[in-house]
Engineer: 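What follows is a single structure, and I will ask about it in a moment.
Quick note: residue numbers are just sequence positions, from 1. All values derive from a computational prediction rather than experimental measurement.
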Amino acid sequence: QVQLVESGGGSVQAGGSLRLSCATSGSTGTHYCMGWLRQAPGKEREGVATIYIGGDRTDYADSVKGRFTISQEKSSRTLYLQMNTLQPQDTAIYYCAADYRWWLCASGSSFLRQGDFTYWGQGTQVTVSS
């Protein structure tokens, strides 16, 4: 089992920045996938960014490329999402997720498109005002 706990959400004005954190505990192995997904009110959940832990691959939704960066601090296994130049359309609940099927994020953006991660955090609210 893997446990994920997000933090760092909040309210910010357009053009501002936030950094989300996801504390990871439990057994993950050395190769696995992690990601950030979001769901805005009245909209379907969408993948924001994914990362292959144990390799170098990252993938981003087109809407956040150049503005958001996903990374992991290896010793603590904490996952981050640095969000810059935030826009009102970035307002959503942001979820941290993880999955043992590392081959799916090592070779492509399957998790970004389908979002079918096995393990999920409880979510953290991000609100961007204009």
Side-chain angles (χ1 to χ4, degrees):
Q1 283 287 349
V2 175
Q3 294 79 42
L4 305 170
V5 179
E6 302 97 333
S7 61
S11 297
V12 65
Q13 289 192 328
S17 298
L18 281 174
R19 188 177 77 159
L20 304 183
S21 300
C22 175
T24 305
S25 60
S27 178
T28 58
T30 56
H31 292 263
Y32 54 103
C33 297
M34 295 197 76
W36 291 96
L37 303 93
R38 66 187 182 186
Q39 187 163 21
K43 294 188 177 181
E44 291 188 355
R45 187 180 62 204
E46 64 172 346
V48 174
T50 60
I51 183 169
Y52 165 37
I53 306 299
D56 294 328
R57 186 183 178 108
T58 56
D59 288 281
Y60 295 90
D62 288 343
S63 59
V64 306
K65 278 181 183 175
R67 300 189 299 123
F68 290 12
T69 302
I70 187 171
S71 62
Q72 190 203 42
E73 201 288 310
K74 287 182 169 48
S75 62
S76 65
R77 295 189 295 167
T78 301
L79 185 72
Y80 296 103
L81 185 69
Q82 177 66 45
M83 305 185 294
N84 298 328
T85 320
L86 282 160
Q87 302 166 2
Q89 52 264 44
D90 295 317
T91 295
I93 299 174
Y94 283 72
Y95 297 92
C96 171
D99 201 284
Y100 62 91
R101 293 171 290 173
W102 59 267
W103 52 93
L104 293 179
C105 63
S107 59
S109 57
S110 172
F111 280 122
L112 190 69
R113 297 190 305 272
Q114 299 180 14
D116 55 341
F117 285 90
T118 299
Y119 304 105
W120 292 81
Q122 81 289 352
T124 186
Q125 177 71 47
V126 172
T127 302
V128 185
S129 58
S130 57

Engineer: Could you tell me whether a side-chain N or O of Thr50 sits under 3.5 Å from a main-chain N or O of Leu112, the two making a donor and an acceptor?
Structural biologist: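 It does not hold such a pair.
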
Engineer: Output yes when a side-chain donor or acceptor of Gln87 lies under 3.5 Å from a complementary backbone atom of Ala14, and no otherwise.
Structural biologist: no

Engineer: Are any non-hydrogen side-chain atoms of Met83 and Arg67 less than 4.5 angstrom apart?
Structural biologist: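 Contact flag for Met83/Arg67 side chains = no.
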
Engineer: Do Trp120 and Leu104 land in one hydrophobic cluster if side-chain heavy atoms of ILVMFWY residues count as linked below 4.5 Å?
Structural biologist: yes

Engineer: Minimum heavy-atom separation for Gly121 to Tyr95, with atom names?
Structural biologist: O-CD2, 3.7 Å

Engineer: Considering only heavy atoms from C-beta outward, does the side chain of Gln125 approach that of Thr91 to under 4.5 Å?
Structural biologist: yes

Engineer: Same hydrophobic cluster for Leu79 and Tyr52, using side-chain heavy-atom links shorter than 4.5 Å among ILVMFWY?
Structural biologist: no

Engineer: Carefully, step by step, assess Gln1 and Tyr119 under the rule side chain to side chain contact (heavy atoms under 4.5 Å, CB included).
Structural biologist: CA-CA 8 Å; Gln1 283 287 349; Tyr119 304 105; 3.5 Å; yes

Engineer: Flag the pair Arg101 / Cys33 as yes when at least one side-chain heavy-atom distance between them is below 4.5 Å, and no otherwise.
Structural biologist: no

Engineer: Mind checking what makes salt bridge (Lys or Arg N to Asp or Glu O under 4.0 Å) contact with Asp59, not counting sequence neighbours?
Structural biologist: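 Expected list: Arg57.
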
Engineer: Specify the closest pair of heavy atoms between Trp36 and Tyr80, including all atoms of both residues, with the distance to one decimal.
Structural biologist: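 Shortest heavy-atom separation between Trp36 and Tyr80 comes out as NE1-O, 3.2 Å.
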
Engineer: To the nearest 0.5 Å, what is the distance between CG on Asp116 and OG on Ser110?
Structural biologist: 5.5 Å

Engineer: I need the minimum non-hydrogen distance between Leu37 and Gly115, along with the two atoms involved.
Structural biologist: CD2-CA, 3.6 Å

Engineer: Is the shortest heavy-atom distance from the side chain of Thr28 to the side chain of Ile53 under 4.5 Å?
Structural biologist: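 Result no, sub-4.5 Å side-chain heavy-atom pair not found.
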
Engineer: Count the heavy atoms of every other residue, nucleotide or ligand shown that sit under 6.0 Å from CD of Gln122, and state whether that count exceeds 12.
Structural biologist: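 Check passes, neighbour count above 12.
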
Engineer: How about Glu73 and Ser71: does a side-chain donor come under 3.5 Å of a side-chain acceptor?
Structural biologist: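 Distance-only check fails for Glu73 and Ser71.
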
Engineer: What closest approach, in Å, do Arg77 and Gln72 show between heavy atoms, and which atom pair accounts for it?
Structural biologist: CA-NE2, 3.6 Å

Engineer: Verify, without hydrogens or angle tests, whether Asp99 (side chain) and Thr118 (backbone) share a donor-acceptor contact under 3.5 angstrom.
Structural biologist: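 Between the backbone of Thr118 and the side chain of Asp99 there is a qualifying donor-acceptor contact (under 3.5 Å).
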
Engineer: Any idea which heavy atoms bring Tyr32 and Gly29 closest together, and the distance?
Structural biologist: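 Smallest heavy-atom distance, with atoms named: CE2-O, 3.2 Å.
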
Engineer: How far apart are the closest heavy atoms of Cys96 and Glu6, and which atoms are they?
Structural biologist: N-OE2, 2.7 Å

Engineer: Do Leu4 and Met34 have side-chain heavy atoms sitting under 4.5 Å apart?
Structural biologist: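 Leu4 vs Met34: side chains touch.
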
Engineer: Holding to salt bridge (Lys or Arg N to Asp or Glu O under 4.0 Å), I want the full list of residues that pass it with Arg113, two or more places apart in sequence or in another chain.
Structural biologist: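 Residues passing salt bridge (Lys or Arg N to Asp or Glu O under 4.0 Å) with Arg113: none at all.
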
Engineer: When the ring planes of Phe111 and Phe117 are compared, do they come out parallel, tilted or perpendicular, using 30° and 60° as the limits?
Structural biologist: parallel

Engineer: Report the distance from atom CD1 of Ile93 to atom CZ of Arg38, rounding to the nearest 0.5 Å.
Structural biologist: 13.0 Å

Engineer: CD of Gln39 to CD of Glu44: how many Å apart, nearest 0.5 Å?
Structural biologist: 8.5 Å

Engineer: Can you list everything that forms a salt bridge (Lys or Arg N to Asp or Glu O under 4.0 Å) with Asp56? Sequence neighbours excluded, please.
Structural biologist: none

Engineer: Among the clusters formed by ILVMFWY side chains lying less than 4.5 Å apart, do Ile70 and Trp102 turn up in the same one?
Structural biologist: no

